[in-house]
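Only one structure is covered here, and it is reproduced in the block below.
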Amino acid sequence: MDIQRPRGTRDFLFHEMSQRKQVENTLRRIFETYGYQEIKTPLFEDLALFTMKSGEGIMEQIYHFQDKGGRDLALRPELTAPVARLYINELQKKSKPIKMYYFGSCFRYERPQAGRWRQFWQLGCELIGGRSPESEAEIIALSAHCLEELGLEDFEIHIGNLGIIRGILNEAGVSRGEQDQIMATIDKGDVKELKDILETFRVDQNLKDVLITLVGMKGHREVIDKVSRIIDGNESALKALKELEELLGILEAFGFSNYIVNLGIARGLDYYSGTVSEIYVHGLGAQKQISGGGTYNLIELFGGETVESTGFAFGFDRLMEALKKQGITMPQSRTVDVFVAPISQEVKLQAFEIAQDLRKNGIKTDVDLVGRKLKRILSHADSLGARYVLLVGERDLKEGKITLKDMELGEQILVEIDQVTAHLIKLCPQ
RNA sequence: GCCGGGGUGGGGUAGUUGGUUAUCCUACGGGACUGUGGAUCCCGCGACUCGGGUUCGAAUCUCGGCCCCGGCCCCA
């Protein structure tokens, strides 16, 4: 029987896991620096949680099943909806704003390719009950802070506001359904397809030109002025633009000004309302987006009281890919600092006692458990990368001593048996 | 769901105009060496992705499945 890993899943071995854990810990630390608290939601949820907001079409990509009680359940394909659900179930009456973060795996039934797996991890946060654009600015600053801390370079943070284009479309009387299709097309970034669909919906030439110009708007602060001339007279669009401008100002106060204003960012889903942001790292193939975020009204959609909420999430696997691509590695700690080697089976109990004493003092220690010859033990200790080996042998024990060997320098000294732990505590970084 | 490229011991490979016991390196287990690693030598372990077809004979040709890599679609 040859059982294979399910398609689109991965096993993580020691080195990779260590790297992932360190990146995870770094991000957690920063999230907590901003006052976010961790939550954990179930791996599976009621299927309806994911279908009610985005329609049945989403079913194609969801791992769903019926349990033995006939309930329709789904492995979560993302974490924003579960967090919104958690908020409604547990936290509606808590003092606002509420800052939550999560780290967990999600599942989508899709064709695996570079940067896309069927089980993947998201690390993100949600800020509920804050205010635009202050909350959004803080979240974007937080995400930039994370990437800077990790040492990632050449990332681009794109920021847009869906209210601008929505405002234009509303005033032109384009129906909600058509708007959603237009937004979905903008999201794809295909200008030709956008033209085609605008043609199909018979929007007038002037409006068409305005839209095409707007989605192509990309740049720094100067974009604001250009856009304001284009949408002059449209109150709701101008209001959204004003909000975007304010956001940029706040973001700069938070210490991040290397953003790219990009009105071509959209969302296929209609519960995203105002600010949206995405982070790209080039050189990752088709999946260059490592993060996505924005302001949404999911909570209302689920029947909660109206409350502003915004969030973002890193595609953790893609972030790891980006770091790897740039040659950024986290410091690798030793598997063990000390290896205790009984020279003969007669002294193995003493070896175990010594090992345990070191461990109780916080020193990463391994000890031979398989009764190998000294030569093999040293070889094994070497392959583990142990810095020190304690050779426990009858000859030394008779004098109350143990040999301490430095595997890197190749030197060794005799240490009084009751001094060994104290000696190694000094040598090994805790 | 679609298109292209792949799949030989744990890792990396040779072999693919069909033909003896599938090559080499490395890793791993043991020994040479009963108190000294990263050196050498010896021994051992271990593979043709799966199934059907063609054939006297298939790792090799052919069809299909599975899986991997890249792209399309999609991307909450």
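Order of the sequence lines fixes the chain letters, A, B, ..., with proteins taken first and strands second; residue numbering starts at 1 for each chain.
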Distance in angstrom units between [X] [atom1] and [N] [atom2], rounded:
X: A/Glu126; N: B/A76; atom1: CD; atom2: C1'; result: 12 Å
X: A/Phe314; N: B/A76; atom1: CZ; atom2: P; result: 18 Å
X: A/Tyr271; N: B/C75; atom1: OH; atom2: P; result: 12 Å
X: A/Gln119; N: B/C75; atom1: CD; atom2: C1'; result: 18 Å
X: A/Ile265; N: B/A76; atom1: CD1; atom2: P; result: 12 Å
X: A/Phe107; N: B/C75; atom1: CZ; atom2: C1'; result: 17 Å
X: A/Glu60; N: B/C2; atom1: CD; atom2: P; result: 13 Å
X: A/Arg7; N: B/G70; atom1: CZ; atom2: P; result: 12 Å

Partners meeting side-chain contact (heavy atoms from CB on, under 4.5 Å) with [X] (sequence neighbours left out):
X: A/Glu199; answer: A/Lys208
X: A/Ser105; answer: A/Leu43, A/Phe107, A/Gln119, A/Trp121
X: A/Asp366; answer: A/Val336, A/Phe339, A/Arg359, A/Leu384
X: A/Asp11; answer: A/Arg5

Between [N] and [M], how many Å separate the two [atom1] atoms, rounded to a whole number?
N: B/G46; M: B/C25; atom1: C1'; result: 15 Å
N: B/C50; M: B/U34; atom1: P; result: 43 Å
N: B/U54; M: B/G71; atom1: P; result: 40 Å
N: B/A59; M: B/A47; atom1: P; result: 14 Å
N: B/G6; M: B/G44; atom1: C1'; result: 33 Å
N: B/C43; M: B/U60; atom1: P; result: 32 Å
N: B/U21; M: B/U62; atom1: C1'; result: 28 Å
N: B/G5; M: B/C61; atom1: P; result: 14 Å

With a 3.5 Å cut-off and sequence neighbours excluded, list the donor-acceptor pairs that the side chains of residues 295-308 of chain A form with protein atoms.
| residue | atom | partner | partner atom | Å |
| --- | --- | --- | --- | --- |
| A/Thr295 | OG1 | A/Glu136 | OE2 | 2.3 |
| A/Thr295 | OG1 | A/Thr310 | OG1 | 3.1 |
| A/Tyr296 | OH | A/Glu126 | OE1 | 2.5 |
| A/Glu305 | OE2 | A/Lys93 | NZ | 2.8 |
| A/Glu308 | OE1 | A/Ser132 | N | 3.1 |
| A/Glu308 | OE1 | A/Ser132 | OG | 2.8 |

Should A/Lys21 and A/Glu24 count as an ion pair when the cut-off is N to O under 4.0 Å? no

Between A/Arg20 and A/Asp317, does any NZ, NE, NH1 or NH2 come within less than 4.0 Å of an OD or OE carboxylate oxygen? yes

With distance as the sole criterion, do the side chain of A/Arg267 and the base of B/A76 form a donor-acceptor contact below 3.5 Å? no

Is the distance from OP1 or OP2 of B/G29 to the nearest side-chain N or O of A/Arg372 less than 4.0 Å? yes

Within the structure shown, what part of the strands sits under 4.0 Å from [X] by heavy-atom distance: base, sugar-phosphate, or nothing?
X: A/Gly8; result: sugar-phosphate
X: A/Arg10; result: nothing
X: A/Ala381; result: nothing

5'-most by nearest nucleotide on RNA chain B - A/Gln289 or A/Trp117: A/Trp117

Can you list the residues that meet the ring-ring contact (aromatic ring centres under 6.0 Å, His included) rule with [X], with sequence neighbours excluded?
X: A/Phe256; answer: none
X: A/Phe352; answer: none
X: A/Tyr34; answer: A/His145

Quick one: what's the B/S/- string for nucleotides 4-10 of chain B, heavy-atom cutoff under 4.0 Å, read 5' to 3'? B------

Contact letters for nucleotides 32-44 of chain B, in which S counts primed atoms plus P, OP1 and OP2 and B counts the base, heavy atoms under 4.0 Å: SB-BBBBB-----

Show me the dot-bracket string of RNA chain B, counting Watson-Crick or G-U pairs under 3.5 Å, with | for pairs to another strand and [ ] for crossing ones. (((((((..(((......[....))).(((((.......)))))....(((((..]....))))))))))))....

Could you check whether any side-chain N or O of A/Lys364 sits under 3.5 Å from a backbone N or O of A/Gly362, counting only pairs where one atom can act as donor and the other as acceptor? no

Going by atom type alone, with no hydrogens or angles, which donor-acceptor pairs under 3.5 Å involve a side-chain atom of residues 284-291 of chain A and a protein atom two or more places apart or on another chain?
| residue | atom | partner | partner atom | Å |
| --- | --- | --- | --- | --- |
| A/Gln287 | OE1 | A/Arg318 | NH2 | 3.0 |
| A/Gln287 | NE2 | A/Gln113 | OE1 | 3.2 |
| A/Gln289 | NE2 | A/Ser291 | O | 3.0 |

Cation over ring, A/Arg108 on A/Tyr63, under 6.0 Å and within 45°? no

Compare the minimum distances between each of B/C75, B/A76, B/G70 and the side chain of A/Gln61, then state the nucleotide with the smallest one. B/A76

Go through B/A76, B/C74, B/G70 for me and flag the one nearest to the A/Lys188 side chain. B/C74

